Engineer: 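Here it is, the structure, as structure tokens.
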There are 2 protein chains.
Amino acid sequence: MTNQSVIDALAALADPTRRQIFEHIADRPRAVGELAGVLPVSRPAVSQHLKVLKEAGLVLDRADGTRRIYQLDPGGLAALRDYLDGFWNRSLAAFKQAAEQTPKEK
Amino acid sequence: MTNQSVIDALAALADPTRRQIFEHIADRPRAVGELAGVLPVSRPAVSQHLKVLKEAGLVLDRADGTRRIYQLDPGGLAALRDYLDGFWNRSLAAFKQAAEQTPKEK
DNA sequence: CGGATTGGTTAGTCATTACTTACGGTAAGT
DNA sequence: ACTTACCGTAAGTAATGACTAACCAATCCG
């Protein structure tokens, strides 16, 4: 609900490795070791990234024996999309106004 | 069009100062010195951030005498929103499936 | 012209953070 | 119980990047 979650989500997705993890999870739920096997980083690194993604509200986790399954969290994504939608309207208005001010654009 | 622009946009908005700059520009077009006067950083810092935002396709600039006016670029925002929308559908599907697998959630 | 205003660029410093290695902890199998 | 498999945490290091100070370029006004 807060604006901080959106900020955390943006910062979380800014890292290339975290974005790869996120995209793999988006495909289907994954275990930690499964992700580490695909990615070019160690398993602890994956764990640390998953912690960041979880705190940002982008992923959920559940236990499955000794394994831990991670999946997407719709809440974080919705917050992000709503945040960007807020700019979208203002962006269109500003762009329209600027186009009128400089009509001789190539 | 490429996926790289989306990645650049995410990384650009991850920085707190850049997000503040972006939000001020979203309010209305601004000059560089105008932004530096409001923000707690120096003018060169603002210039560097604007360069990043511009390369990410999030802002546009035009000359106005010695000043340079920056405004939002709808293209970058649209690409970002479409990117997140792609995850949104997958997220809902994954969440629904997981809810069925663990029906005894509190 | 000459000074003043406005911005972009460069060099260098400092803080943040992503990564690996090592360790501890829990659950399943024998 | 012992071993194996899987995962999170801590410590330490290397690399990324955000910032300031100094300098240079372009435009406007007297």
Side-chain angles (χ1 to χ4, degrees), chain A residues 4 7-25 28-73 98 101-102, chain B residues 4-25 28-73 98 101-102:
Chain A
Q4 184 64 31
I7 296 177
D8 291 340
L10 276 173
L13 291 181
D15 181 72
T17 302
R18 266 196 303 266
R19 197 167 36 245
Q20 285 186 27
I21 292 175
F22 187 71
E23 292 179 354
H24 277 108
I25 290 180
R28 59 180 167 82
R30 309 264 187 165
V32 179
E34 193 178 359
L35 291 168
V38 177
L39 300 173
V41 295
S42 67
R43 186 192 50 73
V46 174
S47 267
Q48 292 166 3
H49 284 309
L50 285 171
K51 182 180 181 180
V52 175
L53 289 171
K54 182 180 176 182
E55 289 174 354
L58 291 172
V59 299
L60 299 171
D61 63 330
R62 65 187 143 89
D64 176 29
T66 69
R67 301 196 311 167
R68 191 151 271 268
I69 310 299
Y70 284 83
Q71 65 175 68
L72 290 196
D73 182 353
Q101 286 185 358
T102 64
Chain B
Q4 184 64 32
S5 57
V6 175
I7 296 178
D8 291 341
L10 275 173
L13 291 180
D15 182 72
T17 304
R18 264 195 306 263
R19 197 166 35 246
Q20 284 186 27
I21 293 176
F22 187 71
E23 292 179 356
H24 277 107
I25 291 180
R28 58 180 168 83
R30 309 265 187 165
V32 179
E34 191 177 359
L35 291 168
V38 177
L39 300 173
V41 295
S42 66
R43 187 191 49 74
V46 174
S47 267
Q48 292 166 3
H49 284 310
L50 286 171
K51 183 180 182 180
V52 174
L53 289 171
K54 183 181 176 182
E55 289 175 353
L58 290 171
V59 299
L60 298 171
D61 62 330
R62 67 188 142 87
D64 176 29
T66 69
R67 302 196 312 166
R68 190 151 272 266
I69 310 299
Y70 283 83
Q71 65 175 71
L72 290 197
D73 182 353
Q101 287 184 357
T102 65

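Just the heavy atoms: all of them, side chains too, but no hydrogens, waters or symmetry mates, feed the values below. Residue numbers begin at 1 in each chain, while the letters A, B, ... track the order of the sequences. Computed from a predicted model, the values in this text were never measured in an experiment.
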Engineer: Nearest 0.5 Å, what's the CD1-CG distance between A:Ile21 and A:Leu53?
Structural biologist: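 A:Ile21 CD1 to A:Leu53 CG: 6.5 Å, rounded to 0.5 Å.
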Engineer: Within this structure, what is the NE2-to-P distance between A:His49 and D:dC7, rounded to whole angstrom?
Structural biologist: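 The distance from NE2 of A:His49 to P of D:dC7 comes to 16 Å, rounded to the nearest Å.
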Engineer: Send over the distance from B:Gln20 CD to D:dA18 C1', rounded to a whole Å.
Structural biologist: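 To the nearest whole Å, that distance equals 14 Å.
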Engineer: For DNA chain D, whose closest nucleotide is more 5', that of A:Arg67 or that of A:Pro44?
Structural biologist: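 Nearer the 5' end of the strand: A:Arg67.
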Engineer: For the side chain of A:Arg68 and the base of D:dG8, is some donor closer than 3.5 Å to an acceptor across the two?
Structural biologist: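 Result: no qualifying N/O pair found.
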Engineer: Does C:dT20 have its OP1 or OP2 closer than 4.0 Å to a side-chain nitrogen or oxygen of A:Ser42?
Structural biologist: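 A:Ser42 to C:dT20 OP1/OP2: side-chain N or O found under 4.0 Å.
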Engineer: Using whole Å, report how far CG of A:Leu13 lies from P of C:dA18.
Structural biologist: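 For the pair A:Leu13 CG and C:dA18 P, the rounded distance is 12 Å.
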Engineer: For the backbone of A:Ala31 and the side chain of A:Arg67, can you confirm whether one donor and one acceptor N or O come within less than 3.5 Å of each other?
Structural biologist: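 It does not hold such a pair.
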Engineer: Could you check how far CD1 of A:Ile21 sits from P of D:dG8, rounded to whole Å?
Structural biologist: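 That distance rounds to 11 Å.
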Engineer: Any side-chain N or O of A:Arg18 under 4.0 Å from OP1/OP2 of C:dA18?
Structural biologist: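 Looking at the OP1 and OP2 atoms of C:dA18, one of them is under 4.0 Å from a side-chain N or O of A:Arg18.
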Engineer: Indicate the atoms forming the closest heavy-atom contact of A:Arg18 with A:Ala12, along with that distance.
Structural biologist: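 The answer is NE-O, 2.6 Å.
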Engineer: To the nearest angstrom, how far is A:Asp64 atom CG from C:dA28 atom C1'?
Structural biologist: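 In whole Å, C:dA28 C1' lies 11 Å from A:Asp64 CG.
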Engineer: Mind calculating the distance between CD1 (A:Ile69) and P (C:dA27) to the nearest angstrom?
Structural biologist: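 Those two atoms, CD1 and P, are 15 Å apart.
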Engineer: Quick one: B:Arg19 CZ to D:dA18 C1', roughly how many Å, whole number?
Structural biologist: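 Result: 14 Å.
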Engineer: Nearest-nucleotide wise, let me know which of A:Ala31 and B:Arg43 is further upstream toward the 5' end of DNA chain D.
Structural biologist: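 Per heavy-atom nearest nucleotide, the more 5' residue is A:Ala31.
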Engineer: Heavy atoms only: give me the nearest B:Ala36-B:Arg43 pair and the separation to one decimal.
Structural biologist: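 What the structure gives for the nearest pair is CB-CA, 3.7 Å.
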Engineer: State whether A:Tyr70 places a side-chain N or O below 4.0 Å from either non-bridging phosphate oxygen (OP1 or OP2) of D:dC6.
Structural biologist: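 No, no such contact exists.
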Engineer: Side-chain N or O of A:Thr66 versus OP1/OP2 of D:dC6: is the shortest distance under 4.0 Å?
Structural biologist: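 For D:dC6, OP1/OP2 do not have a side-chain N/O of A:Thr66 under 4.0 Å.
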Engineer: Describe the nucleic acid contact of A:Ala63 in one word from base, sugar-phosphate, nothing, applying a heavy-atom distance below 4.0 Å.
Structural biologist: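 Contact class for A:Ala63: none.
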Engineer: Do A:Gln48 and C:dT17 have a side chain to base donor-acceptor pair shorter than 3.5 Å?
Structural biologist: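 Between C:dT17 and A:Gln48, which were checked side chain against base, a qualifying N/O pair under 3.5 Å is absent.
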Engineer: Atom CZ of B:Arg30 and atom C1' of C:dT6: how far apart are they, to the nearest Å?
Structural biologist: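 One finds 17 Å between C1' of C:dT6 and CZ of B:Arg30, rounded.
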Engineer: Closest nucleotide of DNA chain C for A:Val52 versus for B:Val46: which of these residues is on the 5' side?
Structural biologist: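 Residue closer to the 5' terminus by nearest nucleotide: B:Val46.
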Engineer: When you check the gap from the basic side-chain N to the acidic O, do A:Glu34 and A:Arg28 get nearer than 4.0 Å?
Structural biologist: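 Between A:Arg28 and A:Glu34 there is a salt bridge, with a charged N closer than 4.0 Å to a carboxylate O.
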Engineer: Let's see if you can work this out: which of C:dA18, D:dG8, D:dC19 has an atom nearest to the side-chain heavy atoms of A:Asp15?
Structural biologist: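 So the nucleotide nearest the side chain must be C:dA18.
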Engineer: Are B:Thr17 and D:dA18 close enough that a side-chain N or O sits under 4.0 Å from OP1 or OP2?
Structural biologist: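 Result: no.
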